[in-house]
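What follows is a set of notes on a single structure, which appears directly below.
One-based numbering, in listed order, for ligands and for the atoms of each. Just so it is clear, the model here is predicted, and its values are computed rather than measured.
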Amino acid sequence: MASEDPGALRPLIEATPSDPRFPSLGEPVLAELSGFGWEQAVEAGTALFRAGESHGTFFALLDGAVDVRRDDASGELVVSYRDRGQFIGELGLLTEQRTYLTAVATGPGRVLVIPREQFRLLMATKPTISDVIFGALIARRETLRASPAALAIRIIGSRYSPEALALRTFASRNRLAHTWVDLEEADDVGVLLASIGVAVRDTPVVVTPTAVLRRPTPGQFAEQLGLTYHPVPGRVFDLAVIGAGPAGLAASVYGASEGLDTVSLDTVGPGGQAGSSSRIENYAGFPNGISGGDLTARTAIQAQRLGARLVSPCEVVALRAERGFHVVTLRDASELPCRAVVVATGARYRRLEVPDLDRFEGNGVYYAATDLEARSCGGSEVLVVGGGNSAGQAAVYLSQQGCPVSIAVRRTDLAATMSAYLVNRIEADPRIELLTQTEVRSVHGDPHLERVTVEHTPTGEHRVLECAALFCFIGAVPATAWLEGAVSLDRKGFVPTDRSLSAQDRGHPHFAGREPLPYETSAPGVFAVGDVRSGSMKRVAAAVGEGSSAVRSAHEYLAASG
Ligand SMILES: Cc1cc2nc3c(=O)[nH]c(=O)nc-3n(C[C@H](O)[C@H](O)[C@H](O)COP(=O)(O)OP(=O)(O)OC[C@H]3O[C@@H](n4cnc5c(N)ncnc54)[C@H](O)[C@@H]3O)c2cc1C
């Protein structure tokens with residue numbers, strides 16, 4: 001096979017076939033794959049794909065060599081494939097993201113071409129081959145995320161901009177290979193922005209190989225990357241899963257793996273509350289704990305591999321029954337019909353009742369403590385409000401990131417509200433100060449948060465804390481406003497299911513005399529799982545279990561309804 005080209009520059013990533021990220025498929029596998037596509041001759045300069053294209057085609061190298069480069073002024077060589085049986089591409093082949101790099105043959109050769117639909121069929125029907133390809137695609141994405149190849153997509157903005165944070169959250173939740181350029185840290189902001197023809201007032205900016213987006217929403221960013229779902233007239237999904245936290249993702253994995261045509265919709269991106277948890281220590285099978293972001297990102301990829309369509313950012317605003325179907329209405333007023341629905345919209349953190357809070361949300365006031373928010377704090381003093389496990393985890397994590405942390409709680413101690421292991425860690429950490437019987441009264445700063453005034457409630461004494469960020473974890477409210485009128489809700493807005501339904505709901509004629517199935521709401525064929533469900537345990541493992549189990553009920557419902 002092609003030997004080293006002595007004149008070639010070294011690529012950023014070495015693609016040696018002994019590396020599981022760049023395996024060479026053997027002859028029997030290539031013979032099997034040939035049934036899914038066709039052979040094609042290439043010449044020097046033939047582009048297999050260019051940055052910005054939406055092709056989804058799988059290429060395996062049969063003869064010759066293919067270079068993958070950044071398609072910008074740098075033209076940087078990212079990886080060079082030179083061995084027969086190596087395949088080109090990364091995770092975007094599964095997520096349908098537009099390419100952000102360009103692949104070009106370096107000389108005469110041949111490739112095996114497998115178009116998108118056939119590639120999906122291959123991944124679904126050839127588990128042994130699909131394991132190798134899938135493992136490599138995931139590993140390549142992670143490598144690209146950490147390499148200069150990630151400069152192909154840049155988000156440029158201020159660390160204090162909520163709009164920039166929303167874009168970064170979208171990119172992070174979707175595991176995009178991208179680079180964050182913090183204007184507060186960049187050496188010469190004027191030159192940097194001038195080089196792409198934008199002004200500071202245009203930021204945040206997203207730069208892709210084919211576009212410069214000024215102040216885009218996450219939805220516009222997704223659209224540019226080809227990740228937006230446009231409902232296809234006449235297409236009816238078997239199962240629509242609303243919410244892609246642990247419960248919804250588990251439902252999507254099980255729905256797709258059980259052969260249901262499954263779509264998952266989320267306002268932000270895969271992850272949910274778990275995605276904002278720095279370390280989950282009570283999820284079985286991970287003795288050292290796992291970050292919520294990693295856990296949910298893996299599950300999201302698993303769901304896609306099994307054939308579920310994951311769509312974000314995509315907010316569902318209403319649900320109705322119509323002629324035997326369920327119709328899901330999206331924020332842009334488009335509609336998506338389906339035969340069964342799993343509601344997994346979880347809960348959102350309550351806001352503090354403090355004047356001017358909204359001025360700092362995303363700019364010093366946060367409802368998650370991940371790497372994104374921690375980096376904005378840059379080791380400065382922070383305040384965590386709340387006495388539950390999520391507050392405890394946030395405090396420990398932020399302290400580990402070098403921030404002096406104060407925790408404000410209303411009670412006299414943490415014992416009744418926080419797990420003992422977290423209480424012990426907090427007590428043992430000299431960087432964390434616990435402020436009991438304390439409430440936040442006001443927030444100050446211009447333009448970003450600088451100080452917080454708290455009150456010690458028994459004495460009425462006020463204290464001003466220097467504070468670059470306030471992390472708010474004071475209990476959650478269910479995300480069910482969009483369900484008003486579609487299913488029954490309990491007093492607090494959670495969704496009752498099966499045995500928790502009122503006698504009136506259970507006896508409604510639309511159940512035609514049958515008992516509601518496990519996780520079924522007052523609307524037949526609509527199931528609710530995870531934190532949004534009335535009486536649920538509000539833990540990751542419980543959410544995953546419920547999401548998985550509800551699919552069985554959905555199957556039963558679909559089988560009975562024909
Ligand atoms: C910081 C933190 C730490 C935690 N740590 C732990 C822990 O260590 N162990 C543990 O067991 N549990 C922990 N939890 C709790 C755990 O994360 C939740 O119980 C779990 O995430 C619930 O999963 P869910 O899928 O039901 O809902 P969620 O995780 O809340 O996900 C709901 C999803 O629905 C989406 N959504 C909402 N409304 C709409 C709509 N209208 N349209 C489309 N999408 C919508 C949201 O964007 C979200 O992605 C923690 C929670 C937090 C916040």
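- Between R320 and E335 there is a salt bridge, since a side-chain N of the basic residue sits under 4.0 Å from a carboxylate O of the acidic one.
- Every N/O-N/O distance between Y349 and ligand 1 stays at or above 3.5 Å.
- Ion pairing of R159 with E185 is present here, as a side-chain N (NZ or NE/NH1/NH2) and a carboxylate O approach within less than 4.0 Å.
- Residue S276 has no nitrogen or oxygen atom sitting less than 3.5 Å from a nitrogen or oxygen atom of ligand 1, judged on distance alone.
- Judged purely by distance below 3.5 Å, without hydrogens or angles, the side chains of E90 and Y100 pair a donor atom with an acceptor atom.
- Evaluated by nearest non-hydrogen atom to atom 4 (C) of ligand 1, the leading choice among R173, M537, Q393, R533 is Q393.
- Side-chain atoms of H555 and S553 form no donor-acceptor pair, as typed in the model, at a separation below 3.5 Å.
- Some N or O of A247 is nearer than 3.5 Å to an N or O of ligand 1, by distance alone.
- Polar contact with ligand 1: present for T267 (N/O pair, distance under 3.5 Å).
- Close N/O approach between V540 and ligand 1 is found [any backbone or side-chain N/O within under 3.5 Å].
- Here's the thing with P246: one of its N/O atoms is less than 3.5 angstrom from an N/O atom of ligand 1.
- Considering both main-chain and side-chain atoms, V316 comes within under 3.5 Å of ligand 1 through a nitrogen or oxygen pair.
- At under 3.5 Å, not a single nitrogen or oxygen of E315, backbone or side chain, sits near a nitrogen or oxygen of ligand 1.
- Taking the six-membered ring where the residue is Trp, H326 and Y557 present tilted rings, their angle falling between 30° and 60°.
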| query | Yes or no on side chain to side chain contact (heavy atoms under 4.5 Å, CB included) for L176 and Q97, after CA distance, side-chain angles and deciding distance? | reply | CA-CA 9 Å; L176 301 180; Q97 180 184 338; 3.4 Å; yes
